[in-house]
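A quick write-up on the structure given underneath.
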2 protein chains.
Amino acid sequence: MHILDIKPETVFQALSESTRLRIMRLLCVTGEEACLCEFVDALLEPQYKLSRHIKILKQAGLLSTLKDGRWVYHRLVTSSEYLQQLHTSIIMMTDYEGFYQEDIKRFNQRMFIRESGRCRVGVQNTKLLEDNIKNKTDRS
Amino acid sequence: MHILDIKPETVFQALSESTRLRIMRLLCVTGEEACLCEFVDALLEPQYKLSRHIKILKQAGLLSTLKDGRWVYHRLVTSSEYLQQLHTSIIMMTDYEGFYQEDIKRFNQRMFIRESGRCRVGVQNTKLLEDNIKNKTDRS
DNA sequence: AGCAAATATGCATTAGTATGCAACTATGCA
DNA sequence: TGCATAGTTGCATACTAATGCATATTTGCT
């Protein structure tokens, strides 16, 4: 699917959900690529949830994917000026409550355990993740 | 409502619908402000539909409104760098089928009949509007 | 006061989206 | 070959959003 075949509203639609914006912001700010388990440890959201949101970002032409064994790396598509402009907008978004910053902090910690720049383990923050999910259901 | 109080996902959500993108694109490209009846004549969409979409854009902090008698003028909010960056993105969006351009053409024609820079009439393209709505229902 | 015109909105219907759970596929390694 | 692990997806459910119709509101004008 060429970028020109994707409607602008599809791109903004992909950016209209908070979890997907967290993924995009993380990649825009760090300039990194990451696999699913690294996203799980950074955002503390269940793996199936992030997997589906990443799929939507891919279908909107915002992410591309590289498979490496069991791991699948996701990175920003930067091939058009239009998308680069959008990345700038995303970086300029407010982070009033500092939530994006917390994602980035956990992400950087997670990146430390890479070996030769590759992820070699699965989800690490299992405990943190469960606590995070529990807190949310308690609040609702 | 201050711009900082509006969540980024709300802004992108507002931009995720095609009619609302047409409104935004029109204002970004022309730099104009316009009232509802002018939008109706430019986009050839029913008045109640555009009224509601404009409301959503307002609530997302993308448009501001100035009332002048029976007419209500809508313009872009440009008070933050973040929004200006978004406007640039919107101008850079693809217009593969030339639909945005058609809106702008009809809009410019409509602007000709302003008096002293103010709209003094209601919907003009009643016939065009009805044809447009009819074509859509025929296709579905 | 009363009417006409510009804009806004309540309601019902339809369509689309997000999520949790559980089951599935795919891959590397012993 | 079998198992553990990284990632994906079908299904049911709950929620949210878009639309058309009709009606309401606001304002200027006579």
Mind checking who shares a hydrophobic cluster with B:I56, ILVMFWY linked at side-chain heavy-atom distances under 4.5 Å? none
Residues two or more places apart in sequence or in another chain: which of them pass side-chain contact (heavy atoms from CB on, under 4.5 Å) with B:Q13? A:S16, B:S16, B:R20
First contact, last contact: which nucleotides of DNA chain C are these for chain A, 5' to 3', heavy-atom distance under 4.0 Å? C:dT17 to C:dG28
Which of residues 118-128 of chain A sit near DNA chain D, with a heavy atom under 4.0 Å from it? A:V121, A:G122
Please work out which residues in residues 17-29 of chain B have a non-hydrogen atom less than 4.0 Å from an atom of DNA chain D and list them by number. B:E17, B:R20
Looking at residues at least two apart in the chain, or sitting in another chain, which of them share a salt bridge (charged side-chain N to carboxylate O under 4.0 Å, His left out) with A:R75? A:E33
Listing, residues 119-126 of chain B side-chain donor-acceptor contacts under 3.5 Å, not counting sequence neighbours, or none:
unit_1	atom_1	unit_2	atom_2	d
B:Q124	NE2	B:G122	O	3.0
B:N125	ND2	B:D41	O	3.0

Each nucleotide of nucleotides 24-30 of chain D classed B (base within 4.0 Å of a protein heavy atom), S (only sugar-phosphate) or -, in 5' to 3' order, makes --SBS--
side-chain contact (heavy atoms from CB on, under 4.5 Å) partners of B:E9, counting only residues at least two apart: A:S18, A:L21, A:Y100, B:K7
From CG of B:L50 over to C1' of D:dG20, roughly how many Å is that when rounded to an integer? 14 Å
Sequence neighbours excluded, the answer for salt bridge (charged side-chain N to carboxylate O under 4.0 Å, His left out) partners of A:R22 is A:E45, A:D103
What pairs with A:D131 under side-chain hydrogen bond (donor to acceptor under 3.5 Å, both in side chains), at least two apart in sequence or on another chain? A:K127
Just to verify, what does A:R114 make a side-chain hydrogen bond (donor to acceptor under 3.5 Å, both in side chains) with, not counting sequence neighbours? A:E38
